Structure formats: C-alpha cells, structure tokens
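One structure is given here, and the rest of the page talks about it.
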Amino acid sequence: MGEVAIHWFRKGLRLHDNAGLLKAAKSCSTLIPLYILDTEYLDPKKVGVNRMGFLLDSLKCLDEDLREKGSCLFVAKGKPLEIMDSLIKEFNVKTLTFERDTEPYNKALDEEMTKMAETKHQVEVHSFWGHTLFDPEYLLELNNGKAPLTMTSFLNIASEACNPSKPADAPISLPASPIDFKSKQVDVFSKIPTLSDLAEYGYVPEEKTTWFVAGEKEAIKRMEDFLVQKKRVTTFEKPKTDPTSLVPDSTALSPYISMGSLSVRLFYAKLKEVIASTAHTEPPVSLEGQLYWRELAYLIGFSTPNFNQMLGNPICMQIPWLEGEAAKPLVDNWEKGQTGYPAVDAAMNQLKTDGWMHHLARHLVACFLTRGDLWVTWEMGRDVFEKYLVDADWSINNFSWHWLSCSAFFHEYETEYGPTTFFEKTDPTGQYIRKHVPILKEYPDKYIYEPWTAPRDVQEAAGCVIGKDYPEPMVDHKVVHKDNMGKMKKAYEG
DNA sequence: GCCGCGTTGAATAA
DNA sequence: TTATTCAACGCGGC
C-alpha cells in the first residue's frame with residue numbers, strides 16, 4: 001500500500017479549501033478519507049432526525065465527490081480516539097490530517113488525538129484552521145489574548161489583521177483508497193450509512209422533513225445563485241429582513257457553512273468580488289458583516305470558559321432562571337409549538353419541519369422562552385435549537401442565546417419582541433401562521449395573532465375553538481412581561 | 001477608573 | 001415609509 005495517510009473529516013465536509021486533505025494527499029500513496037460518527041452524538045435527543053439526515057446526506061455527497069477524484073469516503077462509528085488508535089495500528093498509518101475545531105468537546109478531542117497519534121504511534125499529524133475566516137489564535141493574540149465582546153472592537157481588530165487566507169481549489173485527483181478497506185477492529189460501514197442504518201439509536205427515516213438538499217455541489221450552486229443577485233447582495237441590511245417570508249429561502253447558506261460543505265472563506269472571497277466597485281452596505285449590517293458576527297461568536301466561544309452555561313461563565317449575567325424540573329413543562333409546550341401564541345408556535349413548528357427559522361424568528365421565540373415570558377434558562381432553549389436546526393452551530397447558538405436573554409452583549413432588557421406584535425409588522429394577515437399552524441388558517445386577519453380574543457361564534461366558524469382545538473395562551477404576556485422586567489432589573493442591580 | 005457607547009422594539013408623528 | 005422619542009444604565013474599551 002506504500003505510505004498510508006488518513007484525512008479525518010470533521011466539519012469541512014468538502015474538497016475545496018481543504019488544507020488537511022491536500023496535505024494528506026501530497027504525503028501518501030494510499031489515502032483513507034475518514035468520517036467518524038461519534039456515538040456521543042448518535043442520539044435523536046441531541047441531534048434530531050433532520051440534522052442527522054442532512055449530515056448523512058452530506059457524507060453521501062462527499063463520497064461521490066471523492067470518487068470523482070479517484071478516492072472515496074469511509075464512515076466509521078464509535079469513539080473517535082479508539083477508532084483512530086485501531087486504524088493507525090492496523091493500516092500502519094504514517095500521516096494524519098484534520099481540521100481544527102474551536103468547541104470545547106472537539107478542542108479537547110483535537111488535543112488528545114494529536115497526542116495519541118504522535119506519541120503512541122509516531123504519526124505525523126497536521127491540523128489546520130479551516131472553519132473560520134481567521135485563525136482564532138491569531139486574532140486573540142492581536143487583542144492581548146482576550147476576545148473582543150462588541151462588534152466595534154472586533155472590527156478594529158479585524159482591520160489590523162492580515163486578510164483571511166485565500167481559499168484553495170479542490171484537488172484535481174487524489175491517491176487511491178484501499179479498495180477492500182475493512183477493519184477487523186473498527187466498525188466501518190460497508191457503504192455510506194442512511195438513517196435506517198441508525199435505527200438502533202432511534203432514528204426514523206420517515207421523520208425527516210427538511211427541504212434542504214445536502215452537499216458541496218449544491219452549496220456552491222446556491223452560493224452562485226445568490227451572488228448573481230447583485231442588488232440583493234449589495235443592499236443586504238440586517239435586521240431589515242423578513243422573518244415571516246413564505247418563500248422557502250432557497251439561498252440560505254447557513255446549513256452548508258455549518259457543515260463546512262461551503263467554505264466560509266470561499267464565500268467571503270466571492271462576496272468581496274461582488275461588492276467591489278459597487279455601492280454597498282457596510283458591516284455590521286451588511287452581508288460581510290454577518291460573516292464577522294459569526295467570526296466574533298467563534299472567537300468568544302473559543303476563549304470563554306463555560307460559554308455553554310451560566311455558572312462559571314465570566315461574561316454571563318447571573319440571572320435566577322427557572323431550570324430543571326420546574327422549567328420542563330414550560331419548555332415542552334414551547335418546543336411542541338403549544339404556547340397558545342400563534343406567532344411563537346408557527347416559528348417553532350417551522351423549526352421542526354424545515355430545520356430552519358429566520359434569524360428574527362429565532363429572536364422572537366428565544367425572547368419568549370427567557371426574559372420575555374416563560375423565564376426559562378436560555379440553556380434549555382439552546383438545546384432545543386441545537387437538536388432541530390439543520391444549521392446548528394455551537395458558537396453562534398450559544399452566542400445568540402446570551403444575546404437574546406440579555407445575559408451578555410445586549411443589555412436593554414426593556415426592549416422586547418412582542419409575541420403578538422412583532423410578526424405583524426411584516427405579515428399583517430398572518431400568512432406565516434396559517435402555513436405553520438394550519439388549524440388557525442381560517443381565522444380572520446383581525447384575530448390571527450390573538451385568537452383567544454375572537455368571539456366564540458367566530459372561533460367555531462373558523463373551525464378552531466380556543467382551549468379545545470388550539471391552546472389558550474399559556475401565560476398572560478402583559479402580566480408576566482411586567483413581572484419579568486422587574487426580575488431582570490433586580491438581577492442587573494444585584 | 002471613568003467615559004461614552006450600545007446592529008436588530010414599539011408607539012407616535014409627519 | 002421613515003424619523004423621533006422613549007429613558008436609563010451597565011458595561012466594555014481605552
């Protein structure tokens with residue numbers, strides 16, 4: 001077999017802009033492209049069926065793309081360290097490459113993996129930053145080791161930094177893989193697994209409902225389709241976007257960027273080409289700015305201890321949220337889309353069926369769960385998002401929940417997203433609700449955001465009686481809102 | 001240690 | 001449709 005190398009795919013499920021893959025390809029005559037399904041995350045309660053299905057589809061596409069280059073993908077299942085340990089021994093592996101990660105679990109895994117491979121097996125290990133525009137260690141260094149906590153200071157640092165490195169092209173060809181690759185010790189799938197292959201963990205293929213089509217080719221096509229819409233790209237301005245749009249946002253790139261089917265550096269480079277020499281919006285509200293927000297979230301997630309919880313988290317406001325058993329029934333109603341507030345329920349239903357929600361819809365439901373209405377800890381909401389979102393992203397998700405719950409970054413707790421008013425601005429006739437909470441679809445416009453205020457005969461005529469066919473509001477917003485405001489004030493003074 | 005700033009609501013007025 | 005005000009203040013940044 002000659003010299004054997006493994007490229008371990010983690011995020012970065014792509015051939016373009018993949019430094020690790022290129023390095024591995026150069027240093028071997030036999031290449032084993034490997035993905036490990038970590039049993040830690042083979043759990044529909046942690047990674048929902050839409051996200052798992054999207055991941056498996058992404059692996060399928062990656063396999064096909066690798067085959068075009070004379071290689072293919074192997075998928076193993078188990079504990080990453082044990083799997084790698086066995087494979088290195090079994091196939092006498094000399095080189096290991098992978099993309100580094102910033103999340104605590106993966107960061108620790110990176111370190112243990114490197115140590116194991118280098119010291120136990122004398123393997124040459126090369127790891128690279130590939131999931132962010134900038135090398136996070138370099139940005140931290142520019143800021144005296146601390147992550148900036150505002151966009152303004154991030155932009156200052158970014159302006160001092162060297163430009164993000166140029167994305168590399170996909171390899172033209174790759175070294176062959178061992179055709180009869182079958183490990184004696186490791187659980188390697190004979191072909192790319194589907195959801196049915198994970199039935200023992202509780203995954204049911206029929207439950208997959210997301211309309212996102214996976215893969216690097218799809219990702220690049222979507223990016224190109226988006227970037228030719230020059231006006232849309234150059235005038236993009238957040239938050240002036242529409243959370244209640246009914247058009248499935250066929251240009252949404254977030255799932256591809258979070259899986260790494262699309263390199264954020266490629267998107268950045270192409271975006272820069274489009275906006276160059278044309279009038280355009282500027283960070284932080286522009287499209288370019290959105291990439292910087294992502295970058296900021298990664299930087300903070302990378303360097304803040306206990307960023308995924310309130311306790312022991314130095315940048316997180318300490319607020320006496322409801323949690324555990326006390327919060328469970330509230331979270332359940334919220335997760336099921338049974339709060340009795342149609343706008344909130346519509347968004348939560350969209351989350352579950354599409355695996356995606358508009359940014360501002362995320363804000364509405366997050367505010368409702370935490371400081372706005374239910375007073376539940378953001379950590380529980382974060383978990384629900386992580387489970388259902390096809391574009392789930394540890395850093396951005398935790399960052400946003402800090403923000404929305406006024407736990408960090410944003411402190412104007414008197415500013416709230418009204419559960420009956422916010423969507424009304426962009427969708428006065430409630431089309432978004434009619435789509436995602438179909439039981440309410442016959443309601444008159446007048447009552448669509450507050451169906452419990454409709455007279456009984458109107459409810460009956462619409463075929464949906466409140467309290468019977470659709471729940472009463474689980475809280476009285478006016479009352480809890482006032483109460484919660486007082487609690488926030490107290491927590492901030494404390 | 002203090003200064004000045006803080007992407008992202010809602011009601012109101014024009 | 002867009003700008004103003006509300007209204008107060010904690011906190012990051014220098």
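Quick note: numbers below take in every heavy atom, side chains included, and nothing from hydrogens, waters or symmetry partners. In what follows, chains are A, B, ... by sequence order, proteins preceding strands, each numbered from 1. These figures come from a predicted structure and were not determined experimentally.
Partners of Asp373(A) according to the side-chain contact (heavy atoms from CB on, under 4.5 Å) rule, which considers only residues two or more places apart in sequence or in another chain, are Phe368(A), Pro419(A), Val475(A), His477(A), Val480(A). Applying the ring-ring contact (aromatic ring centres under 6.0 Å, His included) rule to Tyr449(A) yields no partners; only residues at least two apart in sequence or on another chain are considered. Looking at residues two or more places apart in sequence or on another chain, you find no ring-ring contact (aromatic ring centres under 6.0 Å, His included) involving Tyr443(A). Partners of Tyr388(A) under the ring-ring contact (aromatic ring centres under 6.0 Å, His included) rule, at least two apart in sequence or in another chain, do not exist in this structure. Judged as a side-chain contact (heavy atoms from CB on, under 4.5 Å), and not counting sequence neighbours, the contacts of Glu237(A) are Lys240(A), Thr281(A), Val285(A).
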Kindly give the atom pairs (protein nitrogen or oxygen, nucleotide nitrogen or oxygen) under 3.5 Å for nucleotides 11-14 of chain B.
none

Give each protein N/O atom lying under 3.5 Å from an N/O atom of nucleotides 1-7 of chain B, with the pair distance.
unit_1 : atom_1 : unit_2    : atom_2 : d
dG6(B) : OP1    : Thr152(A) : OG1    : 3.3
dT7(B) : O2     : Lys238(A) : O      : 2.8
dT7(B) : O4     : Gln290(A) : OE1    : 3.2
dT7(B) : O4     : Trp293(A) : NE1    : 2.9

Identify all side-chain donor-acceptor contacts of residues 323-333 of chain A below 3.5 Å with residues at least two apart in sequence or on another chain.
none

Contacts under 3.5 angstrom, residues 400-409 of chain A side chains, donor-acceptor by atom type, not counting sequence neighbours:
unit_1    : atom_1 : unit_2    : atom_2 : d
Ser400(A) : OG     : Ile396(A) : O      : 2.7
Trp401(A) : NE1    : Asn397(A) : OD1    : 3.2
His402(A) : ND1    : Asn398(A) : O      : 2.7
His402(A) : NE2    : Asn313(A) : ND2    : 3.0
Ser405(A) : OG     : Trp401(A) : O      : 2.7
Ser405(A) : OG     : His402(A) : O      : 3.3
Ser405(A) : OG     : Ser407(A) : OG     : 2.7

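Consecutive pairing runs in DNA chain C reach the stem threshold at B:1-6 with C:9-14, B:9-14 with C:1-6, where a stem means at least three Watson-Crick or G-U wobble pairs with distances under 3.5 Å.
As a whole-Å value, the separation of Met485(A) CE from dA10(B) P is 11 Å. One can place CG of Asn144(A) at 12 Å from P of dG13(C), the figure rounded to the nearest angstrom.
Residue pairs meeting the side chain to side chain donor-acceptor pair (under 3.5 Å) criterion with at least one member in residues 463-474 of chain A, sequence neighbours excluded: Asp345(A)-Tyr470(A). Each salt bridge (Lys or Arg N to Asp or Glu O under 4.0 Å) pair with one or both residues in residues 258-277 of chain A, not counting sequence neighbours, appears once here: Asp17(A)-Arg265(A), Lys272(A)-Glu288(A).
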